[in-house]
Structure formats: structure tokens, C-alpha cells
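Below, read A as the first sequence line, B as the second, and so on, with proteins coming before strands; counting in each chain starts at 1.
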2 protein chains.
Amino acid sequence: MKKSSVGEFDCSIAKTVSTIGDTWSLLILRNAFHGMRRFEDFQKHLCIATNILTDRLKRLTKAEILYRVKDQDDARRVQYRLTEKGFALYPVLVALKDWGDKWEGNYDQPRMVLRVRETGELIPPVAVRTSDGRALHPQEVTPTLGEGADELTKELVEFRVKD
Amino acid sequence: MKKSSVGEFDCSIAKTVSTIGDTWSLLILRNAFHGMRRFEDFQKHLCIATNILTDRLKRLTKAEILYRVKDQDDARRVQYRLTEKGFALYPVLVALKDWGDKWEGNYDQPRMVLRVRETGELIPPVAVRTSDGRALHPQEVTPTLGEGADELTKELVEFRVKD
DNA sequence: CGGTATCCCATTTGATACTG
DNA sequence: CAGTATCAAATGGGATACCG
């Protein structure tokens, strides 16, 4: 299978990964969530080659995760900002950060802590929860077929092992 | 920068992405969360070349996301199972699925729906929440420096734009 | 069954130079 | 400033054959 055809898998994870699942795109998004908006700033902070940055910004813009807007202060400049679809990636980014902090960090002290802006309250790790807020272990969750399920999805759902 | 050195960024997202952030690894993990455990099953379901699959299983095993165990039923067989560290990736996978379902799906009907195994209750989308369960928009969240913050983290946190 | 070993091709990368 | 153009090198992919 070609890499480019992975997104054609009828699977949300495959599609999502083929859209944003490369190192540079994720790092650009991370910075975007920190308020970074300008080509120059991405380039400097990430030490990314300009052609690669151009490519990724184009892809993210085409995917409607970022949109371009002229900088009011400086007509020569362009800003790349998150769309609603882009903002919706926040749980993905935070889940990645949470996992890395816990399992891949080499540090006793955390480098960055997320808080509620208004109150300063600490934000607990992202989890899969019931609607009343209880965190669930993966084995407490079961996938069920939706109306639109295709063959591969069926295979996968039926695969489920019981222990 | 070489791809292999991205993980050396002092950033949990970069580290995490360099560990699991490629298409095949994510798809293998997706299947593992569905209970898939055998080389052969991964190979058949994903149509992945055996050398690539070997490589990814090794990497995931080395990262202690999967571990190998002999199949009790068939001595020739090996099983790859999720470790605790592997199970901890569940929020990442579900967040990816949720986002893809909402923003990248071409279907009116969902293909797969997650439910609480015991009760059948629907599981709401993964979100960044306060400790009392309120979902937060990214702009309601602010990053603060932890004790272990390095220069790049500081740059990033200070970048935050106010509108 | 669960891999290894090889080979080859396509893609991606990053450095560098250049431009409207 | 925000790209584009070029290009050599590295990487990653899949097919195939083979093995304990």
C-alpha cells in the first residue's frame, strides 16, 4: 500500500493520521495552539526548512485546519490561524502531551502545566469518560457497529477478545 | 533536522509523535485495542508487508507499548499485547477517532460507536475538561511553566496571544 | 507461523540559492 | 516577509524469496 492511500481506509483514525499525523504538522499545530501565527515564527522556533514549512502550511490550510488572513499591523505579513476544525484537534494534542509527560518524560519536574485561564485551576489528564465523568479503562469500553459500518469495521469489531 | 532527531525536542508531543506517530504504528495500535494480538492477523487485516510489520512491532515492543507473550494454545505462535503504557494511549486513539468521525467522515451514519461495556451507554467525545467535568475550549486554557521548563518551552508559553 | 534478507523504487528531506 | 526552485541524499515502501 502506498502511504498516500492509507487515508482511503474507511477508518477515522487512518484518515486523521493521514491528514495531520506527521511530525511537522503536529509540531506546527502545537505551536498554533500556543498562539503562533506567522511563517517566520514557525520557521525560527521549529528550525524547519522553508520549503517543508510551506508544504505543511499548505496542507493544513487545504484541510481547513488553518486559514490564512492578512496581518492588520503589517500588510506584507500573513497569519495562519486555527479554524473551528483546527481547534477541535485540541483533545488530540493534549492527549499526546499527557501521555508523553507521563511515559516518555525524563524529568522529575513537569515542563508545562495546563490551567483554566480564569481560575488557575489545574486541568486533569484527558481521558475517555462516561457522560457523568467517570474515566474508563479501554477494557470497559466496547465498540458497536454503527449504521454505516463497512466490512473492515465489522471484522475489527468482531475481533474483540473477551479476557 | 533529521526525522530521527525530532524526538530529542524537549517536548512531550514531539517525543510521543516520534514514538508512535506514524501511520502503521497507529493502525496496529487501533487493532490492538480491538483485541488483535497475532502477527498474522495484523498482516492480513492491514495488508501490510511483513518486513514493515516486523519493524513496527519491534519498535512498539521496544517502546514498551506492546509486549510479547507465547500463545498458550499454539506454541509456535506469539502474541503482542498492550502494556499499561500501551493502554494509556487509549485517549489519544479515541480523540483521533472522534475528530475524524466529526470532521473527515463522508458518511451520514457512523461506522462505529463506543459504548460502556456493562451498560451499553454511549460514550461522549473525548474533551479537555476541568476536574468537575466541564469541557474547555482551547482558549479557556492557559499553559503555565512547570519547574522543569527549558528555553524552548518558555519561548512557547510566552508566545501566547491574547485575542 | 513469524519472521529475515534483499532489492528497488518513490517519496521526503533539508540545504542552498533566489524572488516578488 | 513569505515564500519558490532545485537538487542530492536519506528514508521508507512493497514485492519477493527464504528460513527455523
Novice: How long is the line joining CZ of A:R59 and C1' of C:dT13, in whole Å?
Specialist: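 For the pair A:R59 CZ and C:dT13 C1', the rounded distance is 13 Å.
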
Novice: Is the shortest side-chain N to carboxylate O distance from A:K97 to A:E104 below 4.0 Å?
Specialist: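 The answer is no: the pair does not qualify as a salt bridge.
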
Novice: To the nearest Å, how far apart are B:D71 CG and C:dC1 P?
Specialist: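 Taking CG of B:D71 and P of C:dC1, I get 12 Å after rounding.
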
Novice: When the ring centroid of B:Y80 is compared with that of B:Y67, is the distance short of 6.0 Å?
Specialist: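 No.
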
Novice: Given atom CD1 of A:I48 and atom C1' of D:dG3, what is their separation to the nearest angstrom?
Specialist: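 Distance, rounded to whole Å: 13 Å.
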
Novice: Rounded to whole Å, how long is the line connecting atom NZ of B:K70 with atom P of C:dG3?
Specialist: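 So the two atoms are 13 Å apart, to the nearest Å.
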
Novice: Does the pair A:D22/A:R56 count as a salt bridge with the N-to-O cut at 4.0 Å?
Specialist: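 Answer for the salt bridge query: yes.
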
Novice: Report yes if at least one side-chain N or O of A:R37 is closer than 4.0 Å to OP1 or OP2 of D:dC1; otherwise report no.
Specialist: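 Indeed not, no polar side-chain atom of A:R37 lies that close.
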
Novice: Would you say A:Y80 places a side-chain N or O within less than 4.0 Å of OP1 or OP2 belonging to D:dG3?
Specialist: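 Affirmative; the distance criterion is met.
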
Novice: Is the phosphate of D:dG13, meaning OP1 or OP2, less than 4.0 Å from a side-chain N or O of B:R56?
Specialist: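 Yes, such a contact exists.
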
Novice: Would you indicate which nucleotide in D:dA2, D:dA15, C:dT13 comes nearest to any side-chain atom of B:N51?
Specialist: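 Shortest atom-to-atom distance from the side chain points to D:dA15.
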
Novice: Is it true that A:E40 and A:R77 have a side-chain N and a carboxylate O under 4.0 angstrom from each other?
Specialist: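 Salt bridge between A:E40 and A:R77, a charged N being under 4.0 Å from a carboxylate O: yes.
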
Novice: If I take atom CG in residue A:L46 and atom P in nucleotide C:dA15, what distance separates them, rounded to the nearest angstrom?
Specialist: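 Value for this atom pair: 14 Å.
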
Novice: Checking all strands, does B:F42 fall into the base, sugar-phosphate, or nothing category for heavy-atom contacts under 4.0 angstrom?
Specialist: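 No contact at all - B:F42 keeps every heavy atom at 4.0 Å or more from the nucleic acid.
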
Novice: When you match A:R77 and A:K58 each to their closest nucleotide on DNA chain D, which lands nearer the 5' end?
Specialist: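 Upstream on the strand: A:R77.
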
Novice: State whether B:K44 and A:E155 are salt-bridged, where the test is any N-O pair (Lys NZ or Arg NE/NH1/NH2 against Asp/Glu carboxylate O) under 4.0 Å.
Specialist: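 Here B:K44 does not pair with A:E155 in a salt bridge, since their nearest N and O are not under 4.0 Å apart.
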
Novice: Identify whether any heavy atom of A:K44 sits under 4.0 Å from a base atom; if not, whether one sits that close to sugar-phosphate; answer base, sugar-phosphate or nothing.
Specialist: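 No contact at all - A:K44 keeps every heavy atom at 4.0 Å or more from the nucleic acid.
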
Novice: Atom CG of A:L53 to atom C1' of D:dG3: distance rounded to whole Å?
Specialist: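 Rounding to the nearest Å, CG of A:L53 and C1' of D:dG3 are 9 Å apart.
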
Novice: For DNA chain C, whose closest nucleotide is more 5', that of B:D55 or that of B:E40?
Specialist: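 Result: B:E40.
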
Novice: Nearest to the B:I52 side chain among D:dG13, C:dG2, C:dG3, which nucleotide is it?
Specialist: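 Among D:dG13, C:dG2, C:dG3, the one nearest the side chain of B:I52 is D:dG13.
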
Novice: For the side chain of A:V78, counting heavy atoms from C-beta on, which of C:dT4, D:dA2, C:dA15 is nearest?
Specialist: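 Between C:dT4, D:dA2, C:dA15, the one nearest the side chain of A:V78 would be D:dA2.
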
Novice: May I have the distance from B:I28 (atom CD1) to C:dG2 (atom P), rounded to whole angstrom?
Specialist: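 These atoms are roughly 14 Å apart.
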
Novice: Please state how far atom CG in A:D22 lies from atom C1' in C:dT11, giving the value in whole angstrom units.
Specialist: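 These atoms are roughly 13 Å apart.
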
